[in-house]
Amino acid sequence: MTEPTPIGHGGRLTIDLAALRANWRRLAEVAECPETAAVIKADAYGCGIDRAAPALWREGCRTFFVAHLSEARIAREAVPEAAIYVLNGFPPGSAPAYRAANLRPVLGSRDEIAEWAAANRAEGVTRPAALHVDTGMNRLGLSVAEGLALADDPVVAEAGIDLLMSHLVSAEVEHDPLTDHQAAEFARVRAAYPGLRASLANSSGDFLPACRTDLARPGYALYGGNPRPGRENPMRPVVRLEAGILQVREVEAGATAGYNARWTAPGRRRLATLSLGYADGYPRSATGRGEALVDGVRCPFVGTVSMDLIILDVTEVPEAALRRGAPALLIGDGLDLDTVGRNAGTIGYEILTSLGRRYERVYRD
Ligand SMILES: *Cc1c(COP(=O)(O)O)cnc(C)c1O
């Protein structure tokens with residue numbers, strides 16, 4: 001909080017690429033998998049694919065996962081030589097677009113497999129793809145039975161399948177029997193595909209020996225999220241969000257603040273108005289329970305979070321720290337992603353992926 005608040009923007013988002021790289025290295029050590037990939041969907045969880053992917057590449061990451069073709073194209077520009085898998089498969093007829101950018105769809109249905117295999121035959125080039133087997137999410141992928149039945153089908157080779165994967169339902173919940181069940185189901189399918197590389201663990205799964213495979217697939221923890229809720233966060237914070245104080249005022253007991261007068265001062269209070277709101281991606285659902293740090297002091301939100309403004313109760317903050325333009329911290333230090341998510345009735349993942357585009361963005365490395 002040493003720099004002045006930005007001029008021309010409400011808030012400043014600082015993204016620490018050195019911390020991102022350190023987190024990837026840490027996860028690679030913890031996972032004990034032969035290879036650790038990076039999930040960079042949703043614009044690298046809000047941190048920017050164009051900046052995050054090259055930083056991870058420099059650290060040694062060679063495999064990336066995104067959700068959509070549009071994201072994959074940005075990733076392809078950023079890391080021209082990387083293996084890039086597209087988790088949401090591919091829409092009918094879009095195989096040529098995937099092939100043109102050297103992208104690998106994650107195939108999850110008989111139709112997808114057949115269409116990719118046909119494209120391979122038509123081009124006379126077997127381009128790789130992953131096969132997704134659903135071990136419990138019931139969302140994407142072949143069922144375990146379908147996966148087992150397909151194992152001896154020549155279409156697997158025709159479709160260039162080079163990776164077998166599944167996704168964990170609740171790896172962040174300690175000792176969840178569902179995770180063991182999924183790991184066992186995945187092992188059963190894996191045994192039917194000898195020699196094929198396999199990938200199961202997300203960030204939380206990285207910490208579970210039963211989920212170790214050939215390729216770890218962390219996302220959230222790379223960006224500083226806690227992969228083991230309830231325990232100390234082993235990851236370094238990547239994202240820091242600050243906004244400037246626009247005005248400070250004193251109100252008397254009984255005064256109200258914000259739209260629809262949803263807050264009433266219980267006594268004499270000092271309020272500060274911050275230049276940041278829900279149009280910046282800060283959830284309106286943090287109304288009444290969000291908090292910010294001013295000069296290290298926790299200050300509760302009062303009134304509704306509005307489009308461009310948030311009001312803080314700064315009564316406990318020394319007056320010297322309340323000058324016009326002084327920064328308030330909304331994410332960072334004691335306010336980690338998981339706390340911010342909880343304060344908004346959501347999870348840190350949604351806080352990250354909602355990070356707005358109108359902040360001043362500063363990358364550090
Ligand atoms: C998002 C996603 C991941 C990464 O999960 P995190 O919990 O963010 O580590 C891994 N695999 C798949 C299939 C995903 O959709």
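Note that the numbering runs from 1 along the sequence shown for the chain. Bear in mind that the values here come from a model prediction, so they are computed numbers and not experimental data. Just so it is clear, the values below take in all heavy atoms, side chains as well, and ignore hydrogens, waters and symmetry mates. Order of listing sets the numbers, starting from 1, for every ligand and every atom in it.
- The shortest contact between atom 7 (O) of ligand 1 and any protein heavy atom is with Tyr349 OH, 2.6 Å.
- Note: no N/O pair closer than 3.5 Å links Ser204 and ligand 1 by distance alone.
- Those atoms of ligand 1 that come under 4.0 Å of a heavy atom in Tyr220, given as number and element, are 6 (P), 8 (O), 9 (O).
- With hydrogens and angles disregarded, no donor-acceptor distance shorter than 3.5 Å links the side chain of Trp24 to the backbone of Ala55.
- The side chain of His167, and not its backbone, has at least one atom closer than 4.0 Å to an atom of ligand 1 (non-hydrogen atoms only; side chain from C-beta on).
- Counting heavy atoms from C-beta outward, Ile351 and Thr346 have side chains that approach closer than 4.5 Å.
- Note on Leu208 and Leu27: separate hydrophobic clusters, where clusters join Ile, Leu, Val, Met, Phe, Trp and Tyr whose side-chain heavy atoms are under 4.5 Å apart, directly or indirectly.
- Not one N or O on the side chain of Glu115 forms a donor-acceptor pair closer than 3.5 Å with the backbone of Asp111.
- For ligand 1, the polar-atom distance check against Gly219 finds a nitrogen or oxygen pair separated by under 3.5 Å.
- Ligand 1 is never approached by Ala221 to a heavy-atom distance shorter than 4.0 Å.
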For this session: Any chance you could lay out the side chain to side chain donor-acceptor pair (under 3.5 Å) test for Thr63 and Glu35, step after step, and finish with the verdict?
Result: CA-CA 9 Å; Thr63 303; Glu35 188 186 346; 2.5 Å; yes
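- Those atoms of ligand 1 with a heavy atom of Val39 less than 4.0 angstrom away are 3 (C), 4 (C), 10 (C).
- Closest protein heavy atom to atom 9 (O) of ligand 1: Ser203 OG, 2.5 Å.
- Counting the atoms of ligand 1 from 1 in the order shown, those under 4.0 Å from a heavy atom of Pro218 are 9 (O).
- For atom 5 (O) of ligand 1, the nearest protein heavy atom (residue, atom name, distance) is Asn202 CB, 3.4 Å.
- A cation-pi arrangement is present between Arg99 and Trp116, with the terminal nitrogen or guanidinium carbon under 6.0 Å from the aromatic centre and inside a 45° cone about the axis.
- A donor-acceptor pair under 3.5 Å is formed between the side chain of Asn226 and the backbone N or O of Arg231.
- Looking at ligand 1, you'll find an N or O of Tyr45 within less than 3.5 Å of one of its N or O atoms.
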Exercise. Checking ring-ring contact (aromatic ring centres under 6.0 Å, His included) for the pair Tyr282/Phe301: CA distance, chi angles, key distance, verdict?
Worked result: CA-CA 12 Å; Tyr282 201 99; Phe301 290 9; 5.6 Å; yes
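- Regarding atom 1 (C) of ligand 1, its nearest protein heavy-atom neighbour is Lys41 NZ, 1.5 Å.
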